[in-house]
Each structure stands twice: as structure tokens, then as C-alpha cells.
Amino acid sequence: MDYPANFIHDIIEKDISDGVITKIHTRFPPEPNGYLHIGSAKAIRINFEAAKRYGGLFNLRYDDTNPEREEEEYVKAIREDIVWLTGEEPAGGVFFGSDCFEKCYEFAVKLIKDEKAYVCDLTGEEMREYRGTLTQAGKESPYRKRSVAENLDLFARMKGGEFPNGACTLRAKIDMTSPNMNMRDPAIYRINHTPHHRQGDRWCIYPLYDYAHPIQDALENITHSCCSIEFENHRPLYDWVVDNVFDNPTRENRPCQFEFARLNMTHTVMSKRYLRELVETGLVDGWDDPRMPTLSGLRRRGYTPSAIADFLDRAGYSKAQSVVAVDMLEHCMREELNASALRKVAVTEPLLVTIANFPDDKTETFSLPNHPGDPALGKRDMPFTKQIYIERSDFSDNPPPKFHRLKPGTEVRLMGAYIIKCDEVVRDVSGEIVELICTADIETGNGVPTDGRKIKGTIHWLSAAHCIDAEIMQYGRLFTEEEVGENYADFLNKDSAKKITGVKLEKSLESAKAGERFQFVRMGYFTPDTKNGGIFNSIVDLKSSYRPS
RNA sequence: UGUGGUGUCGCCAAGCGGUAAGGCAACGGACUCUGACUCCGUCAUUCGAGGGUUCAAAUCCUUCCACCACAACCA
């Protein structure tokens, strides 16, 4: 199929054809303050793919410039998710923004010497007042005119730990009247005595994102810095930093920022804050709960990196704010799994069927294809005995219109085996159907009836003597609403995870391994749970067009 | 009342002056030993709205309108 155009590709191709860039270099800069989700995957994909496509390099860089929010657990998880998603270690390397602290400090000293930065003693509240509003210009800080020498001294003392948190900041001297709020003398350094997850207490001053990010990009020789659209009005500041920190950077050796719209999906919350809340309040089974939109959750649920990439590419990389339907993601997964997943039989609600005219102790073997459309995937033997299980919902003694499955007195095909007819319905005292007595068309076997009669329905079955007991987790959508509103809790789908016990599975599933994906015939796609042995997680259901009406 | 950005089918999305691609969803129908898959068909006289330029406009000009982001010592 045709994928939507990717404007980043257009930009890069122009840069290459213009001869301004020879080696493409991109990066994905997550803050290690949570797990990556499918929204992050879009940023990874756009940066990774651009580098891959044009023979460049892709870096992973932890943007760890805020000691209060970052943890080692996330550092590890993020890397695993990226390697899983892209299928390789970041070719350009793995970096930490915090490793640039020394450089950032030197550049800040340079800015002070160039009279482009100053130490400001305004409190947070005062600074807000001085900044002005969206419609009113700000006014200059009284500390803006400090001498270079004084600024140098003060900044050194900030670094030396002389001041408490919040006592002062280093600010870029730009323009307090700029219509762009980001340019009104933004703070570029703040004091924070919280120990850093990698630097310990080596630093008590930390560069802010707008200052550190372009420096990190430049130091890593990033050519195309693709980020989401909320940073669009930060671009002038990004460029200001590059221009004022580095000497006459040309396009060849300067990073440029490009923006794309972030991913929103129906029935899905991307906010890390809320995802964390779900984890912390125990509403889900961790960041990798199979219902979570996190990469680890999707992975545990059985999603493949290729399906995610396909989905992302189909949704496209425009700048328009949008909400993509999860149906598209699910479609991509189904499409891949339909072509690759081995077919297996699972009977979720077993109903015993006795084949009256089948010998008591005989075990017959039928060979079923592992995949109806791909003979290369081989076959497997399915034992058949007098007593079998079928799906309770595949029988009805009060069938709705167009019910093509088993009903009293009519025939149905047991997939890959006999045609059977229901002769008798056995009930217990309460009236519940407990068993069906059927006869099989032994003569026809698993072939086509010679008298030309057509058998409309096919149902799946399992020999009662040759199956294993299992549990499966069936997952629905975590949220009930298409677009989840502010009060996320209101939209939580309480039935999004259902454990189904007493499930009968075909024997071959005994050796199923994590990472394998199967289609449980007529039901959906499943994979062994990587955390709980013996449980199968549903990846995505099969679509059904059966409408009794 | 500021700056930047975005508005093309229910949802994404191509298109970049030559007369509206594609995908998802939906709906018909065919096929089927998975009511799956596959297949075939239907689904924007119209591109946020109004004006203008042009033989020709979703594409150019213009005036509006709507939505998103920005006033952290977060990223």
C-alpha cells in the first residue's frame, strides 16, 4: 500500500541534494522519568527511520537534566524498549545529557563573558511578573545589567553550592519584549541540591531543557532534531543557543529542529503522569500490563515491532493535531498475524459431545493444516476420540436466524474431521445442557459428502482425552471512551481484563514459548504471558460479521 | 488583545495551478472445512467560510472563522 508522505524525508532529501548535509544524524531524547509508550514510538520511528533510510546514524540520548524526576529503572527499560522496537542497539551510540554538564557549564561562562547571560536573583513569582503576559511585553530584570565579573563570580558560587535551591538562576539575555514568551530572558540554569541519578552530588546547578538540548544535539553532531510540535515555539530559542554558543555554525555542522504532531489514539491515554498513576494505584499490573499503551505492555500483549511500525507509517507524520483510531493499530496487528500465526484450537467454554457411533476406545488421527493459506507452515496431528469438546456457543437448541453451527437434527463439520449430527441433548436437573449425543458420518470422514449435500457450518473441537487445561487472559480496551477526557478514571473499563478459566487447549500448545503467536480458531490471536506461566494473553480478537438479526 | 502552528470523507492522510490517491471504519455482494482470511462493489461535484485572480484554484491573493501550543527555576 501507499504510505502517507513523510515531510521529514522531503527535508532531508533536499538537504542532501543541496549538498549541505552528507551524513544524516538523528536522535531520540527521552527523559528517564517513565516507560516509553506508543506515542514515544512515533518519535523513535521518525528519527530512527530517517537515519536508517539515508544511511545515517541514530542516537539514544537520555535527557536527564532534572535530578528530581529521573530514575535508573527507567533508563534500563527505555533502552530495552528501543532495542525491541528498532531491532538494534542505537547505531550512533547511547548518551546521557548529564555527561554534557561540564560543556554546558563552559558554554554558560562563555555566554556570560559575551554579555549574553546573567545571574538573576528574582524569585519565581517575581520572574513571572516581570515576564509579562501573552499580550503584554515583559520588563527587564533589575539584575540584567550586572557586570561580567559579577556574573562570573556569582555563577561560580552557584556552582560551588553557596546558594539554596531557588535563590537565583542564570538567564539568557535575549528580549523581554519578544512576542514569543520563550525568548523573554529564559532561565538556562537553576539550582537544585537533589542528587542526580548518575552525577550524584557533583552538581547542584542544572541546565534547563531549552539550553541543554541544542548543545547536546550539537555535541552529538545531530543534523536533524525531530521533536513534537509543542516545541515549535521553542525553535527560535534553540537556534539562539546554537548561534551564540558555537562560533559561526554552518548548516553542515549545526543541528536543526523539525516538528511533527504527537500521536493521539482513541481509547488511549498517553500522558505519562496518568500512566504512572495507574501503575501506582495498582489499577493495572505494572507498566507492562498488557492493556497499557506502553511499549512493554504492547510487547507483553504480543504486539510486534513490525506491526507498530506499520501502524505509525500508515497514520503518517503530519503536523496536524489528530486522534488516530486504535482500530488502525489493531488492523495492522491482525494483518500481520493472519499471515503468520499458527492456527490452534482452544475451547473456552467446553461442552461435551459424545459420538454415539464411534468406537469407545479408538483414537483416530486427523491432520490439520497449521495455516489455511500457507502450506509451508505444515500440519499437525489432532487425535479424535468418542468424546470431544466443542464450544458451548457453537450449539443452540433455539437457534437465531442464520445460525450455521450445531443445532438439533442438523449437520455441522468438525474442523478437519467428521461431519456430525446432533441427535440428543442431555440436560441436568436444572435444565442446563451438559452433553450432546451425536452421530458422525463415518463414511465421509473428513472428505466431501458424495451425495452432494452441503454442510454450511464448521466448528472447532478437541478430543476430551487429548487436551490440556489452561487459563487465558482476554483483554479489551482499557478505556471506554473514544477520546478519553480529563477525568481519566471515569473512562476506565472495569472489564478490560477478563481471566477465562477451564479452557481446553490442544496438546501442541504445551510447548508454546514466549514470543510465539497463535490464532485460536474463530477467537483471536494469543501469546503466552511472559510473566505468568501457563496463561495466554489475547493480542487482538478476530473480527466477526455474524449478526443473528 | 500577542506569537507560532493546524484546518481535505466518521478517523488518519496524499495533493503544492490542470479539474479530489490510499489506508482504517462502515455498508452491500461473492467465496470459504475459521461467520476469519481473500475477492469484488459502494462510500467528498468537493477541500473551515466568504470574496478575488485565472481558460482552469484544495492548491495563488484577501478577509474572516475554528482548533492546538506558549506566561515552570519541567521536558
Side-chain angles (χ1 to χ4, degrees), chain A residues 1-5 29-31 33 63-66 68-69 120 122-124 127-129 131-138 165-171 178-184 186-192 205-206 208-210 212-213 227-236 259 261 265-266 272 311 313-332 334-335 338-339 343 345 368-369 371-373 402-405 412-417 419 446-448 455-460 482 519-524 541-548:
Chain A
M1 65 164 276
D2 298 330
Y3 287 105
E31 181 183 19
N33 67 343
D63 209 339
D64 56 349
T65 55
N66 185 343
E68 299 206 354
R69 323 207 311 180
C120 181
L122 253 27
T123 64
M127 205 184 280
R128 197 172 316 125
E129 284 164 21
R131 187 156 31 229
T133 67
L134 294 176
T135 51
Q136 286 175 306
N165 292 359
C168 51
T169 56
L170 184 71
R171 292 229 258 166
S178 171
N180 183 341
M181 302 294 289
N182 297 301
M183 300 299 272
R184 321 242 260 228
I188 59 176
Y189 262 95
R190 84 288 215 169
I191 298 170
N192 194 327
I205 55 170
Y206 292 89
L208 278 105
Y209 170 87
D210 283 319
H213 201 84
C227 64
S228 50
I229 209 147
E230 66 266 32
F231 293 107
E232 207 159 26
N233 5 4
H234 293 241
R235 188 165 4 107
E259 307 87 9
M265 261 192 335
T266 54
K272 260 187 204 170
F311 162 70
D313 290 348
R314 289 197 201 202
Y317 305 94
S318 71
K319 294 183 78 161
Q321 184 266 3
S322 64
V323 184
V324 182
V326 261
D327 306 54
M328 185 124 73
L329 209 213
E330 291 173 351
H331 167 84
C332 291
R334 276 194 200 96
E335 189 174 85
N338 175 52
R343 311 288 122 123
V345 173
L368 267 68
H371 189 112
K402 293 183 182 167
F403 183 82
H404 295 147
R405 279 107 92 165
V412 79
R413 173 128 240 156
L414 293 178
M415 186 183 282
I419 294 164
N446 65 353
V448 181
I455 310 301
K456 188 78 174 165
T458 300
I459 64 175
H460 55 281
E482 291 264 296
Q519 184 194 95
F520 289 175
V521 170
R522 281 246 324 275
M523 199 187 319
D541 292 343
L542 246 36
K543 294 218 271 187
S544 170
S545 58
Y546 174 53
R547 284 179 215 83

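Partners of A/Phe520 according to the ring pair (Phe, Tyr, Trp, His ring centres under 6.0 Å) rule, which considers only residues two or more places apart in sequence or in another chain, are A/Phe526, A/Phe536. Taking the side chain to side chain contact (heavy atoms under 4.5 Å, CB included) definition, one finds that A/Asp313 meets it with A/Tyr3, A/Arg45, A/Tyr317, sequence neighbours left out. Evaluation of the salt bridge (Lys or Arg N to Asp or Glu O under 4.0 Å) rule for A/Glu335 yields A/Arg314 as partners, not counting sequence neighbours. Partners of A/Tyr209 according to the side chain to side chain contact (heavy atoms under 4.5 Å, CB included) rule, which considers only residues two or more places apart in sequence or in another chain, are A/Asp63, A/His213, A/Phe231. For A/Pro369, there are no side chain to side chain contact (heavy atoms under 4.5 Å, CB included) partners at least two apart in sequence or on another chain.
For A/Gln136 against B/U1, a side-chain-to-base donor-acceptor contact under 3.5 Å is absent.
Residue A/Glu232 contributes atom CD, which lies 15 Å from atom P of B/U3 at whole-angstrom precision.
Atom C1' of B/A30 sits at a distance of 14 Å from the matching atom of B/G35, rounded to the whole Å. Comparing B/C60 with B/C11, their C1' atoms sit 30 Å apart, to the nearest whole Å. A gap of 45 Å separates the P atoms of B/C65 and B/G41, to the nearest Å.
At a threshold of 4.0 angstrom between heavy atoms, the contacts of A/Asn66 are confined to the sugar-phosphate backbone, with no base atom among them.
Comparing B/C12, B/A36, B/C70 against the side chain of A/Asn182 picks out B/C70 as the nearest.
The nearest heavy atom of RNA chain B to A/Lys543 and to A/Thr133 marks one nucleotide each, and the one closer to the 5' end goes with A/Lys543.
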Pull out every protein N or O sitting under 3.5 Å from an N or O of nucleotides 14-19 of chain B, one pair per line with the distance.
from	atom 1	to	atom 2	distance (Å)
B/A14	OP1	A/Ala5	O	3.3

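A heavy-atom distance below 4.5 Å is found between the side chains of A/Phe311 and A/Val324.
B/A72: glycosidic angle within 90° of 0, hence syn.
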